[in-house]
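Each ligand, and each atom within it, is numbered from 1 in the order the structure gives.
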Amino acid sequence: MATINQKNQIWDEQGKIKPDAPKWAAYRKSMIGEFPSPFKMEDDPLAKNMMKFIKEIDDLRPEPGGPAYLGDNSALTYTYPNIKDKEFPQKSESLDQVIKDAVSLFDGMPNVASPLTMANVWPQPNVASIVASTLPLMYMPNIIEGEYAWNVHKAELESAGMLAGLFDWAPTKAGCIYTYGGSGCWLYGLKYALTRVLPDSRNKGIRVDGKVIVSAQSHYCRENATDWTGIGMDNIVLIPTDPMTNQMELGALEATLKEFHEKKIPVIEVVCTMGTTDASVFDPIARIRELMDKYPNPDGYGKALLYADAVAGWSWKVFEKYDFDANPMEFSDEIKNILKRNLSLIRGIHHADAVGIDFHKFGWSPYVSSCFLYRDAAEFETIMRRGNYAYLQEVTPYNPMYYTLEVSRSAAGSLAGWATMKYLGIEGLQSILGGILEVRYYMDSIINAAPEMANCDPDNSGFISLFRIYPKGMDGKNQFSKELNDPNHRSDLLKYNAFTQAIGEKLFNWYVSGKKVNDKFTPHMAYSTGFRNASYNEDGKDAEAVVYALKVYPMNVFVTPDVLDHVKDCILAARDEVEKELISY
Ligand SMILES: *Cc1c(COP(=O)(O)O)cnc(C)c1O
């Protein structure tokens, strides 16, 4: 290139590529018509293709009463690892074909919106969050720093204020970073803690076996974070949980803190899990803060951090100002009491130094919209700061690149979280949270009324029902109580674990194969292979003496009590078949 002569061979006076231009330019000519237009235009390829393919992907939705997956058939259409035997195509494929192929990947996928979907913490995102988080895909704000994010940064900054206010912190003193998941928040918490307690570790590396103290029921991403930071998984200290409440046992925590204090071993952080994924357990954070203050780190180390892993529990705080007497949402008395209980469990969260929040869990937003919120922005943003960046210039007041893990950051998560808070508001979240409980507790009343069923986690006041079903004619509640509490019934526990698993597998196969029970499709449920230990196996030394349970996690707003009646019919039918198969052995 470079000569004026060549320029004139390729482009005409209007800047259009000429018909006899070189091949690369001819290629570009056709491509330009398919890139989003820089200017206003009627027939913009992006808008046109979005409309067309949103329609195509919507065509995968079932008719009313259809199955819990998209498309007509939920069979997996690939084999592994053979699927990887694929070449980067030499020739370009048509835009239409590529997007059609992309749409086809959703064929058979579980449908997060289906009233029959109740397998896990898997909420359907709200429309405001979906649309808001699609916008950055077009215009590429990079929230690494201000110049490339401009006003889009308000989504993260206003989120910090709104969430800090929710947790009773001063909004303008707090800060937040949207990152790659609840596990990303966990990692941010640990890095903050390491930087505070062992400031030298930033340059010299971690040279001390500081401790990361968590409940035995905390999320396994504790391993990701301690492994990847290099502090090492062996420095995780698991505090046993109370067999009744499942909370971190305070006596054991105090003994541990005292021991480290006396031995002059620094504690890096204590993590309170504020809502475990399945059992919905909240650690007693206010009491834990008191104990941490009682046993400070030895001289020469910074103050241990208190991190709240609230990714699956943060939103109960929206009931803080709910008038439970006037009950403006008109929740039933039973659910009102459950809401009060959940609020009282999350209430001490202001004691934390930092909190992890997943909008893609209890915020009905798309992946990934996790927010790491810290109370003291002045501290966090100062001690975590790294030098200057020659590439980038500060042209706005907010430039988080100096203390984030990531370099480029998408604005999609921040827009999803921010849009959700604005769109739902406190009242919208109250209605969703309380409304799901109204439905989920109907499942509990089904379990309680069915003689062969037993509720395996009656104190769980989250969104999940965990239960077992026994062979016809058995007293399920009595049987389960013996298996849970009496070591003489260990063999029964194991036997009915296998029974539960067989039912769970059968239900899953029925869901995948589109089998109908009473003329209705089988829901997509799940089962747990050990969400809790037998009560005589508190320390978990006996790897088999754990409780398997069927699991119903009705997280979207389309699940109704009628659907749960059908769930019961499906469970009974699966149980009957498993029993028959066992007899025929
Ligand atoms: C889901 C979960 C995590 C991990 O969060 P991701 O968003 O999946 O990365 C961490 N802690 C708890 C309690 C969780 O429920």
Side-chain angles (χ1 to χ4, degrees), residues 112 119-125 129 133 159 163 176-193 212-229 233 236 238-239 241 245-248 269-285 288 305-317 342 345-346 349 352 354-373 405-406 409-410 412-414 416-417 420 433 436 457 460-464 466 526 528 530-532 551 553 555:
V112 69
N120 212 329
V121 206
W122 204 41
Q124 182 191 31
S129 68
S133 64
S159 290
L163 289 166
C176 79
I177 293 162
Y178 277 89
T179 187
Y180 64 84
S183 46
C185 295
W186 222 104
L187 181 63
Y188 264 99
L190 180 54
K191 180 63 190 160
Y192 182 11
V212 175
I213 299 178
V214 298
S215 125
Q217 298 196 21
S218 60
H219 194 269
Y220 63 82
C221 72
R222 62 192 180 222
E223 294 179 356
N224 305 34
T226 49
D227 182 6
W228 284 67
T229 51
M233 293 185 269
I236 300 172
L238 294 182
I239 304 294
T241 51
T245 64
N246 289 309
Q247 294 179 320
M248 205 190 287
E269 68 170 349
V270 178
V271 175
C272 284
T273 310
M274 302 303 281
T276 55
T277 328
D278 275 356
S280 191
V281 174
F282 293 70
D283 288 324
I285 190 167
I288 288 170
L305 194 94
L306 178 53
Y307 176 66
D309 179 6
V311 297
W314 64 274
S315 45
W316 298 115
K317 194 74 168 66
N342 290 347
L345 292 169
I346 191 76
I349 196 159
V355 180
I357 295 154
D358 272 359
F359 282 93
H360 58 251
K361 280 187 177 154
F362 282 52
W364 291 271
S365 301
Y367 294 121
V368 189
S369 44
S370 297
C371 183
F372 175 73
L373 179 75
L405 163 69
E406 298 94 332
R409 269 192 313 141
S410 161
S414 65
T420 295
L433 289 160
I436 289 177
D457 196 21
N460 183 337
S461 50
F463 285 162
I464 190 174
L466 288 152
S528 164
F531 78 99
R532 73 189 285 184
K551 174 167 155 181
Y553 214 132
M555 262 209 83

As an exercise, identify every atom of ligand 1 less than 4.0 angstrom from a heavy atom of [X].
X	value
Cys221	10 (C)
Val311	2 (C), 3 (C), 10 (C), 11 (N), 12 (C), 13 (C), 14 (C), 15 (O)
Ala312	15 (O)
Gly181	7 (O), 9 (O)
Asp358	5 (O), 6 (P), 7 (O)
Gly275	13 (C)

For the aromatic rings, using the six-membered ring if either is Trp, is the centroid distance between Tyr188 and Tyr307 under 6.0 Å? no
When the aromatic ring centroids of Phe359 and Trp314 are compared, is their separation below 6.0 Å? yes
List the closest protein heavy-atom neighbour of [atom]: residue, atom name, distance to the nearest 0.1 Å.
atom	answer
atom 13 (C) of ligand 1	Asp309 OD2, 3.4 Å
atom 15 (O) of ligand 1	Thr277 OG1, 2.8 Å
atom 6 (P) of ligand 1	Gly182 N, 3.1 Å
atom 3 (C) of ligand 1	Lys361 NZ, 3.3 Å

Mode of Ser183 contact toward ligand 1 - side chain, backbone, both, neither (heavy atoms, under 4.0 Å): both
Taking the side chain as every heavy atom from C-beta outward, state whether [X] and [Y] have any atom pair closer than 4.5 Å.
X	Y	result
Trp186	Val271	yes
His219	Thr276	no
Met555	Trp364	yes
Leu466	Asn460	yes

According to the interplanar angle, ranging from 0 to 90°, do the rings of Phe463 and Tyr553 count as parallel (below 30°), tilted (30 to 60°) or perpendicular (above 60°)? perpendicular
Check: Thr179/Glu406 side-chain N/O donor and acceptor closer than 3.5 Å: yes
Verify the distance criterion only: is there a donor paired with an acceptor across the side chains of Asn342 and Ser461 at less than 3.5 Å? yes
If you take the nearest heavy atom of each of His219, His360, Gln217, Met274, which one is closest to atom 10 (C) of ligand 1? His219
Run the contact test for Gly313 against ligand 1 with a 4.0 Å cut-off on heavy atoms, strictly below, and give the result. no
